[in-house]
Amino acid sequence: MRRDLAGALGGAVVADVAATGPRSIRRHPDAATFRAALVGTRLETFGRWGKYLLVGLDTSDVLVAHLRMSGQLLLAASTADPVAKHSHVHVTFTDGRQLRFVDPRTFGELFVTTAALPELAGLGPDALGVDAATFAARLRGRRARLKPLLLDQRVLAGIGNIYSDEILWTAGLRWSRQADRLRPVEVRRLHAATTEVLTAAVEQRGSSLADAQYVDLSGRPGGYQEHHAVYGRMGAPCPRCGRPIERIVVAQRSHFWCRRCQR
DNA sequence: AAGCACACCTGCTAGC
DNA sequence: TGCTAGCAGGTGTGCT
């Protein structure tokens, strides 16, 4: 999504903003405040920190977006394009195009903040691009089990429920292993698996499940779900050993794993 | 520090 | 065909 935004919207100037869904801009006191922070600005940089998208503005402020469970950012060629249900925020550019934030469950959000990003204080280093030494340091002294640990955005930012399962399977590690009891070689395997899974997932433009909730800026689903080894595959054969994939609930989330391959 | 329950929402599907 | 229970990519809070 960051790459799509960078390719499509670099240099675009905001002509108007309509935020009809108050929950989507809940960090602002009202829609007028949110609108005032954006109208007239030029979109200059496109970054990402974990699951947060960071659009740098020429005011030196940053437009932050988080899609949460069901958010979509869609680029319409014109304001006349049909508007989807649950389309809560519309950013119109001077060239007539319109960026739309669509979010049925309204867990996602947009906000404008300063470049120091005080709202994101406490977020760990991005899981994609962290080096082996930093990765090991983030796990050091942590007694938590690996599945909840990988989901903790303060430890590493960017790993969600799909990719934590794929990473643990790729590393051959069981969800219940304690981080501080891993052998150094296992920590290195977990780091390598994190890099490998996230890199491949980005290359495949993300994972879209049956309801195609995640789509790119053009509304197209990703392709990494075709490569999932375990996530959503309960009962299907493990790609490595053929044993049926199991599903359990860990940290109030579904977890998919192979009893034979993950120890 | 860790783990758990629950809250926030809408929509879809499986099962009856 | 119609109903309901369960589940969904995430995070924040409050409690033990």
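Naming convention: chains lettered A, B, ... in sequence-line order (proteins, then strands); numbering from 1 in each chain.
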Under 3.5 Å, is there a donor-acceptor pair between the side chain of A/Arg138 and the main chain of A/Val155?
-> yes
Base, sugar-phosphate, or nothing: which does A/Tyr231 touch, judged by heavy atoms less than 4.0 Å apart?
-> sugar-phosphate
Does the base of C/dA8 carry an N or O that pairs as donor and acceptor with the side chain of A/Arg105 under 3.5 Å?
-> yes
Counting heavy atoms from C-beta on, name the nucleotide in C/dA8, B/dC8, B/dG11 closest to the side chain of A/Pro104.
-> B/dG11
Centroid under 5.5 Å and tilt under 30°, A/Phe107 to C/dT11 | no
Could you tell me whether a side-chain N or O of A/Ser208 sits under 3.5 Å from a main-chain N or O of A/Tyr214, the two making a donor and an acceptor?
-> yes
Pick from A/Arg181, A/Arg263, A/Arg177: which one makes a side-chain hydrogen bond (donor to acceptor under 3.5 Å, both in side chains) with A/Glu186?
-> A/Arg177
To the nearest Å, give me how far apart CZ (A/Arg142) and P (B/dA1) are.
-> 7 Å
Separation between the P atoms of C/dC7 and B/dA5, rounded to whole Å = 14 Å
For atom P, what is the distance between C/dG6 and B/dC6, given to the nearest Å?
-> 13 Å
How long is the line joining CG of A/Leu150 and P of B/dA2, in whole Å?
-> 13 Å
Residue A/Gln252, side-chain heavy atoms: nucleotide from B/dC4, C/dG10, B/dG11 that is nearest | B/dC4
Taking only N and O in the side chain of A/His86, is any of them less than 4.0 Å away from OP1 or OP2 of B/dT10?
-> no
Nearest to the side chain of A/Arg247 - C/dA8, C/dT11, B/dA2?
-> C/dA8
Which one is paired to B/dC4, where only Watson-Crick or G-U wobble pairs with both distances under 3.5 angstrom count?
-> C/dG14
Compare the minimum distances between each of C/dC7, B/dC9, C/dG10 and the side chain of A/Ser254, then state the nucleotide with the smallest one.
-> C/dC7
On DNA chain B, nearest-nucleotide positions of A/Thr106 versus A/Asp211: which is more 5'?
-> A/Thr106
Are a donor atom and an acceptor atom from the side chains of A/Thr113 and A/Glu119 found within less than 3.5 Å of each other?
-> yes
Give me the ring orientation class for A/His228 and A/Tyr231: parallel if the planes are under 30° apart, tilted from 30 to 60°, perpendicular past 60°.
-> perpendicular
Gap between atoms CD and C1', on A/Gln213 and B/dT10 respectively (whole Å) | 9 Å
Measure from the side chain of A/Lys85, starting at C-beta and using heavy atoms only, and say which of B/dC9, B/dG11, C/dT11 lies closest.
-> B/dG11
Between A/Arg247 and A/Trp257, is NZ or CZ placed under 6.0 angstrom from the six-membered ring centre and within 45° of the ring axis?
-> no
Length of the CG-C1' vector between A/Leu149 and B/dA1, whole Å | 11 Å
Which listed nucleotide (B/dC9, C/dT11, B/dA2) is nearest to the side chain of A/Arg68?
-> C/dT11
Between atom CG in A/Leu151 and atom C1' in B/dA1, what is the gap in whole Å?
-> 17 Å
Rounded distance (Å) that lies between atom P of C/dT11 and atom CZ of A/Arg27 | 11 Å
With a 4.0 Å cut-off on heavy atoms, is A/Ser208 in touch with a base, just the backbone sugar-phosphate, or nothing at all?
-> base
Between C/dT11 (C1') and A/Leu123 (CG): distance, integer Å = 11 Å
Is A/Arg253 touching bases, backbone alone, or none of the nucleic acid, heavy atoms closer than 4.0 Å?
-> base
Which part of the nucleic acid, if any, lies within contact of A/Arg26, taking any heavy atom under 4.0 Å across all strands shown: a base, the sugar-phosphate backbone alone, or nothing?
-> nothing
To the nearest Å, give me how far apart CG (A/Asp152) and P (C/dT11) are.
-> 10 Å
Report the nucleotide, chosen from C/dA8, B/dA2, B/dG3, that has the shortest atom-to-atom distance to any side-chain atom of A/Arg145.
-> B/dG3
